[in-house]
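Accompanying notes for the structure given below.
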Amino acid sequence: MQLPAAQVAVLEAASATDDRTVDAVASEVGESPTVVTRAAFELRDEGLLEVTEQVDESVSLTEEGETYREDGLPEVRLYRAAMDAGADEEAVEMGQLVGASGLAGPEVQIALSNFARKGYGHIDGGAVSADADAAPDTDEEATALDAIAAGDAETVDEDTLDALERRNLVVREERTVRSLLLTDAGVDAMMEGVNVAETVAQVTPELLTSGEWADVEFTEYNVEADAEAVTPARKHVLRQTADRVKDVLVGMGFQEMEGPHVDAEFWINDCLFMPQDHPARTHWDQFVLSNPSKMDDDDMPSELVDRVARAHREGVGEDGDGYHSPWTEDVARGLDLRGHTTSLSMRYLSGHAEGELEPPQRWFSVEKVYRNDTLDATHLLEFFQIEGWVMAEDLSVRDLMGTFTEFYEQFGITGIEFKPHYNPYTEPSFELFGRHPVTDELIEIGNSGIFRPEVLEPLGVDCEVMAWGLALERLAMLVTGAEDIRDLHGTLADLDFLRNAEVIY
Ligand code: PHE
């Protein structure tokens with residue numbers, strides 16, 4: 001029987017003893033495990049070899065694990081230093097022990113958090129007491145590090161391995177070990193004699209010009225061979241969603257706004273008729289800049305500032321009534337990271353961004369906003385808002401609802417629900433809710449309304465403007481089924497999800 005060289009070598013090596021692993025065969029024939037695996041599968045397909053698979057776990061030390069194996073675990077070093085300093089009799093200041101134990105940088109924190117857990121003693125207000133009966137010489141984790149380094153990981157119990165893995169001192173990896181065993185047909189073939197058939201793996205210019213290509217046998221491709229998993233770059237789920245949002249809105253006749261991430265409170269809050277003593281304007285909610293801390297004159301047109309101040313103090317129109325609470329330009333000049341992109345809408349509506357705008361007008365942005373919120377499954381401190389507004393004569397709530405219905409339908413989202421809401425700058429106002437495809441819960445996806453005269457009059461707009469801020473991340477959650485916003489971006493992002501999530505529009 002004639003076979004390609006690699007197959008012959010593998011068959012010969014595998015027949016030397018019965019059950020051979022790919023690694024053993026590879027080192028015997030002097031080929032890489034990949035080449036041997038490929039040849040083995042080809043031989044299997046020809047019925048000459050049986051390939052059995054077994055999943056083995058290998059455990060190895062990380063660099064940090066190796067350092068602690070050599071120098072001692074930080075908590076053990078702390079314990080020894082504490083005992084030397086007599087901490088079993090009387091508590092010793094941590095500061096004193098740091099030097100004596102040689103702990104440095106993050107090791108100090110690591111020592112502290114494991115010291116008490118292991119019953120080496122306790123720490124109270126920075127003072128360390130040691131328990132004289134503790135036995136660091138038989139510290140299970142330290143013993144395990146030695147065992148793993150010596151290749152005896154199987155002697156270490158599961159709980160200790162788990163603890164070491166959580167501490168990032170060991171890595172456990174699964175490996176598929178393949179063993180090769182000749183089938184009866186394989187044994188027969190060997191007895192009858194197998195020799196190397198010349199096969200060609202690569203077409204060369206020489207083969208082509210000489211015409212030899214017509215006579216040689218080409219190596220077959222094994223399309224079933226194991227290949228390394230590759231994770232090529234792809235566009236982030238949120239970016240895909242943002243791009244799609246832009247396409248949809250441009251398709252609906254909107255133009256894109258742009259403007260600063262750091263802006264004056266004037267544009268963020270005052271133009272929106274948010275009283276200066278409104279709770280949302282405290283540092284509890286917004287990120288305030290300390291340097292620079294105030295907006296330049298160029299970006300705060302004085303006539304507009306006066307009109308806005310008057311609206312706050314006295315209201316607008318004939319029987320308007322303002323807040324009758326203090327309003328100062330100094331507060332309005334304060335610089336913040338914008339908590340919403342409605343600041344951009346104010347810049348455009350006032351004519352400051354693009355000059356006077358004649359109705360009808362439609363503008364949007366898909367941009368980042370910043371809020372001092374508490375991080376949870378539906379809140380991030382930085383997120384993207386889909387801001388938008390329409391300026392036209394005779395707008396009504398029906399137009400607003402119709403716009404959202406049309407917009408969300410482009411993402412396959414139907415059945416949007418509306419809830420009456422309050423914003424200091426819109427009347428009426430509505431919150432929008434959508435149903436999560438996995439949890440079936442209603443989640444808030446946006447806020448909207450029709451701007452009040454107290455907002456529009458100072459801006460010099462004398463027709464209706466309906467506006468909204470929608471959450472891009474929430475839209476992405478509805479589209480992809482993600483249940484936790486933190487999976488999408490930030491330090492806790494779920495890479496597997498981001499690699500595999502399908503965004504189908
Ligand atoms: N600024 C609002 C928010 O961040 C959204 C909004 C914009 C509401 C415009 C009404 C009008 O929630």
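Just so it is clear, the model here is predicted, and its values are computed rather than measured. In listed order, ligands and their atoms are each counted from 1. We count residues from 1, following the sequence as given.
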| said: Just to confirm my output: which protein heavy-atom neighbour is closest to atom 6 (C) of ligand 1, and how far is it? | reply: Gly469 N, 3.6 Å

| message | With no hydrogens and no angle check, just 3.5 Å: does a side-chain donor-acceptor pair link Tyr68 and Glu64? | response | yes

| query | Any idea which atoms of ligand 1 are less than 4.0 Å away from a heavy-atom of His340? | reply | 1 (N), 4 (O)

| said: Would Asn423 count as being in polar contact with ligand 1, using the rule that some N or O on each side must be under 3.5 angstrom apart? | reply: no

| field | ligand 1 N/O within reach of Arg371 N/O, cut-off under 3.5 Å | value | yes

| query | Do Thr426 and Asn423 get their side chains close enough for a donor-acceptor pair, meaning under 3.5 Å? | reply | yes

| said: We want to know whether Tyr120 and Asp139 form a side-chain donor-acceptor pair, criterion being a heavy-atom distance below 3.5 angstrom. | reply: yes

| query | Any N/O of Ser448 closer than 3.5 Å to an N/O of ligand 1? | reply | no

| Partner of Thr341 under side chain to side chain donor-acceptor pair (under 3.5 Å), chosen from Gln385, Lys368, Glu258 | Gln385

| task | Answer yes or no: are there more than 12 heavy-atom neighbours, outside Glu63 itself, under 6.0 Å from its atom CD? | result | no

| atom 12 (O) of ligand 1: nearest protein contact (heavy atom, Å) | Asn447 ND2, 3.0 Å

| field | Close N or O approach (Tyr425, ligand 1; < 3.5 Å) | value | yes

| Do NZ/NE/NH1/NH2 and the carboxylate oxygens of Arg486 and Asp376 come within less than 4.0 Å? | no

| task | Report the part of Trp389 (side chain from C-beta onward, or backbone N, CA, C, O) that has a heavy atom under 4.0 Å from ligand 1; answer both or neither where that applies. | result | neither

| Close approach of Met346 to ligand 1, heavy atoms, under 4.0 angstrom | no

| Between Asp299 and Trp267, is any side-chain donor less than 3.5 angstrom from a side-chain acceptor? | no

| Glu387 to ligand 1, any heavy atom closer than 4.0 Å | yes

